[in-house]
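So that the names make sense, note that chain A is the first sequence line, chain B the second, and so on, each numbered from 1.
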Protein chains: 2
Amino acid sequence: MTTSLRVSRIASTDVAIPDTVSTSGTARRILEQAMRLFASSGYGSTSIRDIAEASGVQSATLYAHYQSKADILAELVLIGHTEHHRRLRAAILEAGSEPEQQLAALVRAHVLSHAEMSMLAIVANSEMHLLPDDLVGSAAALRQESTNMMIDVIQRGVDRGVFDTPDPLLAAAAIGGMGIRVASWFRPGLGWTEEELSDAYTVFALRIVGSKTVPE
Amino acid sequence: MTTSLRVSRIASTDVAIPDTVSTSGTARRILEQAMRLFASSGYGSTSIRDIAEASGVQSATLYAHYQSKADILAELVLIGHTEHHRRLRAAILEAGSEPEQQLAALVRAHVLSHAEMSMLAIVANSEMHLLPDDLVGSAAALRQESTNMMIDVIQRGVDRGVFDTPDPLLAAAAIGGMGIRVASWFRPGLGWTEEELSDAYTVFALRIVGSKTVPE
DNA sequence: GTCTATACTATGATAGAC
DNA sequence: GTCTATCATAGTATAGAC
């Protein structure tokens, strides 16, 4: 058996952008193609002309829709963080009051977000640091809020005695990290559906925090 | 209280390169500064002139030491993967024959590797995909071997009945992922030593695989 | 090995016609 | 909104003196 050793930073080829994004026409195509190119080649190695060619327009046309290359990245990073945060927030609102339910809902939303919109997640996570300070603000705030949601739920479970872990911050870092990484390797057809994946990771998370009641 | 929202992709500022790398003098300085710049700004956004200036030489001098910008990245990626693989291999050799001991040793080495050499890990993991095919080969093979080590140990624990998890591949992905992510956020002075960090992650890993004997 | 100088190409962005 | 044409700069890499 031969295994390909070609290294990509993302397994998925799906250029999914959330339905909540109303951008359409050329601007939409630019966004999608920039996302695809940023994910595969990186922001710094992707030129305005690359994006234009992939979008089927001349490079000058890009500037009728976005002020600069950095602005395109900024919009993608904001879309990614907004959608991720929206999903976590919705999940916790529907989860009931038990810490186990809340953590399960958060992890499910976190993992599904990274599995269903891998490309957007890769760009939002891996290229965000290249944005100039003035373009990064809102996304960074959303990111911090999402992290806090996870920490708070774990802390509450520990306080109530239903979780058993000495350091909620470390548990949150581990759970967050394993979910973020999903965007790099997951794609449909590997043998798991998105549901099976998120169910498995939910069990992992509940085990990490030492939950007394872990589903199987 | 005010929290800075500035986003960096790496918390550590330590330009550590493994002792096993014998490169010295100007070539060493080039390697270190390229690593620092690739980690903070990305390969595509770092120019030959940036690396030269940071290394205290003219840009033409770089070519007396490396054939191209891609060759500098290739060397860093190979160093990173070689050191990581070396540590995992050493860990498992010293671990005894029990799956719990072996998994603990692997996770400890994996996490310490990403905590002690964060910058190298970020470059090796995040920029590897930018290498042309002919420069990526050995590193990709080492990566696959490291992954297999983790999977094999978990599978063996399941087969022996000391681990309880339905899918060793998913468990390995989760454990590997949470460790890789450490390189992004960990730095000395946050409140955990590298030892405390790796101990905590070892417990997480043993919990993830459903080990019957988890240390506390 | 390191420098100065430079070739050649690619880059982000703008001007102005349609 | 989209095009052609273009500017100004920055990019990788090389030549040749010391």
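The distance from atom OH of A:Y63 to atom P of D:dC7 is 17 Å, rounded to the nearest whole Å. Distance CD (B:Q58) to P (D:dT14): 17 Å, rounded to an integer number of Å. In this structure, B:I30 atom CD1 and D:dA13 atom C1' are separated by 14 Å, rounded to whole Å. When the C1' atom of D:dT14 is taken as reference, atom CG of B:L62 falls 13 Å away, rounded to whole Å.
Along DNA chain C, read 5' to 3', the first and last nucleotides having any atom under 4.0 Å from a heavy atom of chain A are C:dT11 to C:dA15.
Between A:R49 and A:V57, it is A:V57 whose nearest contact on DNA chain D lies nearer the 5' terminus. Of the two residues contacting DNA chain C, namely A:A60 and B:T61, the nearest-nucleotide position lying further toward the 5' end is that of B:T61.
Ion pairing between a basic and an acidic side chain is recognised when a charged N comes within 4.0 Å of a carboxylate O; B:R87 and B:E83 show such pairing. Taking the charged nitrogens against the carboxylate oxygens, B:E127 and B:R9 do have a contact shorter than 4.0 Å, which makes a salt bridge.
Within 4.0 Å (heavy atoms only), A:T46 reaches sugar-phosphate atoms of the nucleic acid but no base atom.
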task = Test side-chain contact (heavy atoms from CB on, under 4.5 Å) on A:S184 and A:I10 and set out the steps.
result = CA-CA 5 Å; A:S184 299; A:I10 178 164; over 6 Å; no
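The ring of A:H110 has its center closer than 6.0 angstrom to the ring center of A:H114.
Under 3.5 Å, the side chains of B:D50 and B:S47 contain a donor-acceptor pair of N or O atoms.
Note that the NE2 atom of B:H65 and the CG atom of B:D71 stand 14.0 Å from one another [nearest 0.5 Å].
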